[in-house]
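Everything below concerns the one structure shown next.
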Amino acid sequence: ESDAMEDQFGYYNLGGNTYTVPMSLHKANRDKLLAALGERSVPENAVVLLQGGKAKMRNDTDHEPLFRQESYFQYLFGVKEPDFYGVIDVTTKKSHLFIPRLPERYAIVMGKIYPTEHFVKAYEVDECHYVDELLTVLKGLNCTHVLTLGGGPNTDSGAKHKGVKYPGLKENFTEDQTVLFPVLSQCRVTKSPQEIEVMRYVCRVSAEAHKEVMKKTKAGAMEYQMEALFKYITYAESGCRFLSYTCICGSGPNSAILHYGHAGAPNARLIKEGEIVMFDMGGEYHCYGADISRSWPVDGKFSQAQCEVYTAVFDAQEAVMKAMKPGVSWPAMHRLADRVICETLKKFGYLQGDVDEMMKVFIGSLFMPHGLGHLLGLDTHDVGGYPEGYERSEEPGLRSLRLGTELKENMILTVEPGCYFIPFVLESAFKNPEQAPFLNEEKLRSMFNFGGVRIEDDVLVTADGIENLSSAAPRTIEDIEAWLAK
């Protein structure tokens with residue numbers, strides 16, 4: 001009987017009902033990069049050289065954590081194995097993969113060792129060689145310059161890309177670390193039709209998993225049990241072996257902790273009656289990820305306070321999504337969300353005074369201390385948010401915004417306004433003579449154990465608006481209550 005993986009040429013699929021990703025997606029990405037480089041001053045006889053992710057061991061042990069491909073390498077080649085290199089000849093436009101030369105013993109522990117021809121067919125590249133042949137092959141291509149990803153930094157993390165490490169590379173070729181990074185990161189900002197289909201899939205199945213988690217969330221359950229359920233559903237039913245990020249399953253006051261769920265706070269609280277929960281979870285398929293948040297009452301019906309806060313966030317998200325289209329400034333959308341949240345909180349008595357004056361002293365940022373949303377794709381906080389010519393604002397709220405440009409057709413990004421009652425943030429504001437007059441201190445103090453609400457959807461920017469890729473998860477108060485009552 002033939003090996004199923006050996007016969008899987010030209011696509012990625014995990015069987016069952018999982019989505020089939022054609023390797024032509026990555027060929028199209030390579031072509032997009034070459035076209036973009038054609039608009040830059042690139043030396044003659046140049047190649048693009050990328051190093052894939054490396055297999056690593058945990059600390060000083062021989063335990064090997066499950067490998068996930070480096071995102072730029074995934075973008076261009078779609079390779080699931082570690083320790084590869086990839087080359088794209090800028091002149092001939094041919095693509096080359098370089099695979100590790102594995103010892104025979106590898107087959108005992110890890111399975112069949114495939115020849116180079118296997119990877120030519122599996123990943124639809126022009127040629128495949130061994131890693132130890134890299135310098136020889138480059139010389140055979142009459143290459144004089146190699147374009148690598150040593151630049152940066154990543155505008156979210158501030159970290160520089162590690163680039164390429166290979167013995168003898170710098171001694172034999174001129175390495176350019178300046179050209180490739182800004183071009184390739186901007187290629188990833190807008191998605192191709194094939195990438196959009198993968199994103200539609202992973203957002204849909206993640207939204208459907210959210211629905212099931214909503215249904216199963218009851219008082220007396222542990223937060224991590226809901227995390228485990230989401231992991232099970234996205235993997236067992238949809239092939240998402242990885243998540244886009246660590247699940248954030250905050251109940252009660254934990255729902256106001258933006259990145260709750262980390263090792264020091266591992267979704268380990270008992271969910272209680274009367275509380276609101278905020279779950280931020282997304283599956284990942286072929287390294288493309290979803291990022292979805294839903295907030296709902298444990299009891300199935302929104303209390304008055306829960307309804308008020310949820311309405312503030314929902315109205316902000318609705319206002320933003322209705323205004324979104326190509327050419328719209330994303331920082332302006334962040335301020336629109338701030339304004340709507342302030343207007344609604346004023347309507348319900350949490351704030352007082354003139355909203356225009358509130359905006360001048362950044363009252364909105366007290367309740368939404370994060371950015372409105374970010375690019376999404378091969379990384380949860382996808383690259384390219386601040387290209388050449390754009391600087392991050394230092395104003396409250398905007399300083400946390402991960403996208404500083406105007407919207408473009410075929411961008412995929414999150415729209416995730418939130419409203420949180422964070423005691424130390426509000427305590428400071430009560431003492432601030434510019435902000436305190438706008439705050440109903442007594443009412444806000446009564447919300448210190450409430451937590452917060454975030455509604456996050458993954459949207460595709462279309463020619464004249466947006467498509468909500470995560471709409472399968474209930475979002476309105478009416479739809480949430482109806483779903484929980486079933």
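Note: hydrogens, waters and symmetry copies are ignored here, and every other heavy atom, side chains too, is used.
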Donor-acceptor pair, side chain of Glu275 and main chain of Val298, under 3.5 angstrom: no
Check: Pro396 main-chain N/O paired with Ser365 side-chain donor or acceptor under 3.5 Å: yes
Any pair counted as salt bridge (charged side-chain N to carboxylate O under 4.0 Å, His left out), so long as it reaches residues 284-304, sequence neighbours left out: Arg68-Glu284, Arg294-Asp457, Lys301-Glu481
Expected output: side-chain Asn13 to main-chain Thr18 donor-acceptor under 3.5 Å: yes
side-chain contact (heavy atoms from CB on, under 4.5 Å) evaluation trace for Glu456 with Met281: CA-CA 10 Å; Glu456 178 179 17; Met281 308 178 291; over 6 Å; no
Donor-acceptor pair, side chain of Lys216 and main chain of Gln225, under 3.5 angstrom: no
Arg454 backbone acceptor or donor facing Ser295 side chain under 3.5 Å: yes
Spatial distance of atom CD (Glu343) from atom CG (Asp338) [nearest 0.5 Å]: 11.0 Å
Side chain Lys191, main chain Gly377, donor-acceptor under 3.5 Å: no
Value rounded to 0.5 Å, distance of OG1 in Thr234 from CG in Leu229: 9.5 Å
Pairs flagged by ring-ring contact (aromatic ring centres under 6.0 Å, His included) wherever residues 308-333 is involved - sequence neighbours left out: Phe302-Tyr310
For Lys27, all residues meeting salt bridge (charged side-chain N to carboxylate O under 4.0 Å, His left out), sequence neighbours excluded: Asp31
Worked check of side-chain contact (heavy atoms from CB on, under 4.5 Å) between Asn154 and His161: CA-CA 7 Å; Asn154 181 304; His161 196 280; over 6 Å; no
Phe230 backbone acceptor or donor facing Glu212 side chain under 3.5 Å: no
Ring-face cation of Arg188 near Tyr72 (centre distance under 6.0 Å, axis angle within 45°): yes
Worked verdict on Ile196 versus Glu467 for side-chain contact (heavy atoms from CB on, under 4.5 Å): CA-CA 11 Å; Ile196 289 169; Glu467 175 189 342; 5.6 Å; no
Test: Lys231 and Glu227 ion pair at under 4.0 Å: yes
Contact check, side chains of Ile412 and Leu375, non-hydrogen atoms, under 4.5 Å: no
Distance-only polar pair, side chains of Tyr123 and Glu81, donor-acceptor under 3.5 Å: yes
pair Phe438-Cys342: side-chain heavy atoms closer than 4.5 Å: no
Partner of Ile466 by side chain to side chain contact (heavy atoms under 4.5 Å, CB included), out of Val459, Val320, Leu460, Leu407: Val459
Pair Tyr166 and Tyr85, ring centroids less than 6.0 Å apart: yes
Residues Thr380 and Asp382: side-chain donor-acceptor under 3.5 angstrom: no
Atom NZ of Lys272 with >12 non-hydrogen neighbours under 6.0 angstrom: no
Inter- and intrachain pairs under ring-ring contact (aromatic ring centres under 6.0 Å, His included), touching residues 465-486, at least two apart: none
Salt bridge (charged side-chain N to carboxylate O under 4.0 Å, His left out) between Glu441 and Arg445, intermediate numbers included: CA-CA 6 Å; Glu441 182 172 349; Arg445 284 191 180 279; 2.9 Å; yes
Asp356 CG: over 12 foreign heavy atoms closer than 6.0 Å: yes
Flag, side chain of Asp315 to backbone of Thr344, donor-acceptor distance under 3.5 Å: no
All salt bridge (charged side-chain N to carboxylate O under 4.0 Å, His left out) counterparts of Lys360, not counting sequence neighbours: Glu357
Check: Asp280/Ser293 side-chain N/O donor and acceptor closer than 3.5 Å: yes
Within 6.0 angstrom of Asn449 CG, more than 12 heavy atoms from elsewhere: no
By salt bridge (charged side-chain N to carboxylate O under 4.0 Å, His left out) - contacts of Glu406 (at least two apart): none
Separation between CG of Leu378 and CD of Glu195, rounded to the nearest 0.5 Å: 6.5 Å
CZ on Phe279 to CD on Glu223, rounded to 0.5 Å: 6.5 Å
Donor-acceptor pair, side chain of Arg392 and main chain of Leu401, under 3.5 angstrom: yes
Pair listing, ring-ring contact (aromatic ring centres under 6.0 Å, His included) test, anchored in residues 447-480, at least two apart: Phe421-Phe450
Aromatic centroids of Tyr390 and Tyr386 separated by under 6.0 Å: no
Side chain to side chain contact (heavy atoms under 4.5 Å, CB included) partners for Val21, two or more places apart: Tyr12, Tyr19, Leu25, Val198, Tyr285, His286
Partners passing salt bridge (charged side-chain N to carboxylate O under 4.0 Å, His left out) against Glu478 (at least two apart in sequence or in another chain): none
Separation of Asp379 CG from Asp156 CG (nearest 0.5 Å): 9.0 Å
Set of residues satisfying side chain to side chain contact (heavy atoms under 4.5 Å, CB included) with respect to Ala332, sequence neighbours excluded: Ser329
Arg335/Glu395 ion pair, N-O < 4.0 Å: yes
Closest contact, heavy atoms only, Leu366 versus Ala429: CD1-CB, 3.6 Å
Mutual orientation of the aromatic rings belonging to His259 and His381 [parallel < 30°, tilted 30-60°, perpendicular > 60°]: parallel
Ser244 side-chain N/O to Gly283 backbone N/O, donor-acceptor pair under 3.5 Å: yes
Partner residues of Pro437 under the side chain to side chain contact (heavy atoms under 4.5 Å, CB included) criterion, sequence neighbours left out: none
Greater than 12 external heavy atoms within 6.0 Å of Glu434's CD: no
Qualifying residues under side chain to side chain contact (heavy atoms under 4.5 Å, CB included), relative to Ala265, sequence neighbours excluded: Tyr260, His262
Taking every non-hydrogen atom, the tightest pair across Gly418 and Ile341: O-CD1, 3.5 Å
Residue pair Met226 / Val277, side-chain heavy-atom distance below 4.5 Å: no
Separation of Asp458 CG from Ile292 CD1 (nearest 0.5 Å): 5.0 Å
